Amino acid sequence: MIARPALFFIMCLVCATETFAQGPTPNVNDGNALQRECKTALEMNEVEEVEEVEDEPGAGALGRGSDMGQCLGLVSGVWHTHMMMVDEFDSGSAFCPTNSISAGEMARIVDQYLETHPVEMDQWDTVLILRAFMLAYPCS
C-alpha cells in the first residue's frame, strides 16, 4: 500500500501536469486580452499627452487603469526578465535591442505585432510579447 505522503505527492503531480498543459484563459491572459490592455494604455497615454485629464469616478476609469497597468507591467516584465536572464545567467538572447526604451514604446511594439498577427491571438500573452520584441529587435 502507498503511504499517504507519497499518494499526496502523486496527486499533486498529476494535477500540476494538467494545469501546466492548459493554454491561456481566453480573454484573460491571451492575445485578445493583451491587445485590449495595450490599446487602453496607448489611448490613455495619447490623452495625457494632449491634456491633463482626471479619470471619471466609477468602474470604467478603474478598468482602464487596470488594463493600462496590466499591459505596461507585462511588457516591461518580459523585457527586463529577458535582459536579466542574459546578463545574470548567461542565457541566449532572444532579442537584441540597441538601447533601452520606455514601457509605452514597448506597448506600441506589442500592439503593432498583435495587429499584424491576428491568427496568434489565442496564445499566451507573454509569448506574444516576446515574439514582438524578437521581430522588432532581431539578433544578428
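Note that the structure is predicted; figures quoted are calculated from it, not measured. Sequential numbering from 1 along the given sequence is applied to the chain's residues.
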State the CE-OG distance between Met84 and Ser91, to the nearest 0.5 angstrom.
-> 9.5 Å

Has the side chain of Ser93 got a donor or acceptor atom that lies under 3.5 Å from a matching backbone atom of Cys96?
-> no

How long is the gap from CD1 on Ile129 to NE2 on His82, to the nearest 0.5 Å?
-> 13.5 Å

How far apart are the C-alpha atoms of Val110 and Phe133, what are their side-chain angles, what is the distance that settles it, and do they pass the side-chain contact (heavy atoms from CB on, under 4.5 Å) test?
-> CA-CA 7 Å; Val110 170; Phe133 292 157; 4.1 Å; yes

Identify whether Leu135 and Met106 are in the same connected component of the hydrophobic contact network (ILVMFWY, side-chain heavy atoms under 4.5 Å).
-> yes

Roughly how far apart are Glu43 CD and Cys38 SG, rounded to 0.5 Å?
-> 11.0 Å

Side chain Asp111, main chain Ala107, donor-acceptor under 3.5 Å | no

Within a strict 4.5 Å, meaning less than it, do heavy atoms of the Pro24 and Gln123 side chains meet?
-> no

Going only through I, L, V, M, F, W and Y residues with side-chain contacts under 4.5 Å, is there a path from Leu34 to Met134?
-> yes

How are the rings of Phe95 and Tyr137 set to each other: parallel, tilted or perpendicular (split at 30° and 60°)?
-> tilted

Heavy-atom distance under 4.5 Å between the side chains of Arg131 and Glu120, does that happen here?
-> yes

To the nearest 0.5 Å, what is the distance between SG (Cys71) and CG (Asp67)?
-> 9.0 Å

When rounded to the nearest 0.5 Å, the distance separating CE of Met121 from CG of Leu114 is 5.0 Å

Test applied, side-chain contact (heavy atoms from CB on, under 4.5 Å); reference residue, Asp125; option that passes from Leu74, Asn32, Val28, Asp30 | Leu74

Side-chain heavy atoms of Ile109 within contact of Ile101, under 4.5 Å | yes

To the nearest 0.5 Å, what is the distance between CG (Leu42) and CD (Gln35)?
-> 10.5 Å

Considering only heavy atoms from C-beta outward, does the side chain of Thr81 approach that of Met85 to under 4.5 Å?
-> yes

Sub-3.5 Å donor-acceptor pair from the side chain of His117 to the main-chain atoms of Tyr113, do we have one?
-> yes

Measure the shortest side-chain to side-chain distance between Met68 and Glu37 over non-hydrogen atoms and say whether it is less than 4.5 angstrom.
-> no

Would Leu128 end up clustered with Trp124 when hydrophobic side chains under 4.5 Å apart are linked, directly or stepwise?
-> no

Side-chain touch Asn27/Arg36, heavy atoms, less than 4.5 angstrom = yes

